[in-house]
There are 2 protein chains.
Amino acid sequence: MTGTTENQQAVRRSDATRAAILTAARERFAADGYEKATIRAIARDAKIDPSMVMRYYDSKAGLFAAAVAIDPGLPDLPVEPREAIGRTLVSHFLTLWEENGELTALMRVGATDPAAADRMQSVLREQLIPLARQVGPDPEQAPARAALCASTVLGLALTRYVLRFPASVALDRDEIVDWLGPTVQRYLTAPTP
Amino acid sequence: MTGTTENQQAVRRSDATRAAILTAARERFAADGYEKATIRAIARDAKIDPSMVMRYYDSKAGLFAAAVAIDPGLPDLPVEPREAIGRTLVSHFLTLWEENGELTALMRVGATDPAAADRMQSVLREQLIPLARQVGPDPEQAPARAALCASTVLGLALTRYVLRFPASVALDRDEIVDWLGPTVQRYLTAPTP
DNA sequence: AATGTAGGCCAACGCCTGTTGACAGTCCAG
DNA sequence: CTGGACTGTCAACAGGCGTTGGCCTACATT
């Protein structure tokens with residue numbers, strides 16, 4: 001132990017370094033994807049030696065896992081009024097994506113790495129499908145309806161934050177909510193077409 | 001020149017090899033993305049020496065460019081009846097994607113490679129935006145409306161063919177057209193919300 | 001003040017990558 | 001039948017990668 005004799009969570013002298021590594025890693029992974037984001041480059045950004053990364057995060061895979069640990073927190077969303085759930089969801093996702101660069105990293109890497117793809121899927125399974133079951137007309141359709149919602153918001157994230165299509169980047173927040181909100185609303189609550 | 005003295009397009013003895021390389025490259029790029037799809041692995045699949053790849057396609061980048069050369073052919077789509085354009089587009093994209101594995105490759109690589117992302121964007125610019133201009137109420141909104149359509153179909157392709165979310169894979173073709181068709185229709189033709 | 005320990009740097013390892021050039025067999029035109 | 005172009009193999013290169021272990025430094029405890 002270092003510093004205080006308190007147990008709980010000791011303040012390590014290396015915390016600043018750990019944070020610097022994590023920040024640099026998020027930026028590099030988000031910008032370059034998994035393979036092209038080298039540990040050497042991340043270490044250079046964080047102004048430390050590559051071996052420090054191994055000391056604190058064991059391996060490149062461990063570093064990535066630590067860098068993209070994030071919880072979208074869908075269960076905390078207000079479900080009422082039910083006819084606003086579409087707009088609420090879209091708005092929530094936009095905020096999430098613009099505050100957390102690691103989501104872009106997760107998506108870039110998920111395109112080629114099954115483990116990252118799995119992490120994204122777990123959000124669908126554990127948060128979006130339950131929500132669809134809660135607000136949708138038929139619990140049995142929940143997976144399909146949730147999948148459509150996922151494809152809607154991830155499609156926007158793809159064109160706007162990953163591929164950066166100018167026409168998609170140019171959309172402003174309200175416009176997106178106005179267009180996608182009703183779409184998600186329909187996927188979740190409308191009767192089967 | 002070999003074979004016939006005809007100019008036009010000579011039949012080279014190596015055409016079979018070239019094709020084998022291209023096929024193997026498409027599979028590997030689609031499955032693994034750009035970095036993880038090594039020339040050695042592609043050559044092994046095609047049962048030839050890695051140096052042949054360089055001889056026929058100059059470099060890895062050249063091979064990729066040749067492997068994903070494809071034209072979605074949107075301009076040939078029937079625009080009438082106008083109220084069916086949404087379903088027509090979605091249906092066309094589904095066919096395209098299931099017939100051409102290179103689209104998955106292009107998307108996997110586009111997630112990290114700007115050049116591939118550009119190629120995808122050119123489809124939006126040269127084919128989807130003009131179409132939106134043609135059928136939409138206000139030509140000035142064409143880029144925004146086209147971008148929303150792109151995010152719709154690419155979102156589905158992402159969850160279904162790249163990330164392979166089971167709930168998205170489980171959707172059948174008609175279901176997808178029934179759900180996404182009206183969405184695209186609205187993005188293209190509905191008044192601004 | 002002495003001492004153990006955590007933080008940090010350095011040099012090196014083995015591996016895999018894209019790419020190259022020299023060499024051998026095969027086919028066809030003259 | 002002979003020359004030259006084409007197809008293909010082999011071995012090697014230079015460089016970058018993740019990862020490791022040894023070493024010095026500086027701090028916190030005793």
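A, B, ... follow the sequence lines: proteins, then strands. Residue 1 opens every chain.
- With hydrogens and angles disregarded, no donor-acceptor distance shorter than 3.5 Å links the side chain of A:Ser91 to the backbone of A:Arg87.
- Between B:Ile48 atom CD1 and D:dT7 atom C1' the separation is 11 Å, expressed in whole Å.
- Residue A:Met52 places its side chain closer to C:dG8 than to any other of C:dT17, D:dT7, C:dG8.
- Spacing between atom CD1 of A:Ile42 and atom P of D:dC17 amounts to 11 Å, rounded to whole angstrom units.
- Atom-to-atom, CG of B:Asp15 to P of D:dC6 comes out at 13 Å; the value is rounded to the nearest Å.
- Ring pair A:Phe64/A:Phe29 is perpendicular by interplanar angle, where above 60° counts as perpendicular and below 30° as parallel.
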What protein N or O atoms touch nucleotides 19-25 of chain C N or O atoms at under 3.5 angstrom, if any, and at what distances?
from, atom 1, to, atom 2, distance (Å)
C:dT19, OP2, B:Lys60, N, 2.8

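- Counting only distance, with no hydrogens or angles, the side chain of B:Tyr34 and the backbone of B:Ala61 share a donor-acceptor pair below 3.5 Å.
- Rounded to whole Å, atom C1' of C:dC28 lies 17 Å from atom CZ of B:Arg12.
- For the pair B:Thr189 (side chain) and B:Arg186 (backbone), a donor-acceptor distance under 3.5 Å is absent.
- Atom NZ of B:Lys47 is separated from atom C1' of D:dT7 by 18 Å (rounded to the nearest Å).
- Where B:Tyr34 and A:Arg18 meet DNA chain C, the nucleotide closest to each residue was compared, and A:Arg18 sits on the side nearer the 5' end.
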Side-chain donor-acceptor contacts of residues 144-154 of chain A below 3.5 Å, not counting sequence neighbours, with atom names and distances?
from, atom 1, to, atom 2, distance (Å)
A:Arg145, NE, A:Gln141, OE1, 3.0
A:Arg145, NH1, A:Tyr187, O, 2.9
A:Arg145, NH1, A:Leu188, O, 3.3
A:Arg145, NH1, A:Ala190, O, 2.8
A:Arg145, NH2, A:Gln141, OE1, 2.9
A:Arg145, NH2, A:Ala190, O, 2.7
A:Ser151, OG, A:Leu148, O, 3.1
A:Thr152, OG1, A:Leu148, O, 2.8

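- Rounded to an integer number of Å, the gap from A:Asp32 CG to D:dG16 P is 16 Å.
- Judged by distance alone, the side chain of B:Gln127 and the main-chain N or O of B:Leu74 form a donor-acceptor pair under 3.5 Å.
- One atom, CD1 of B:Ile21, and another, P of C:dG18, lie 14 Å apart when rounded to the nearest Å.
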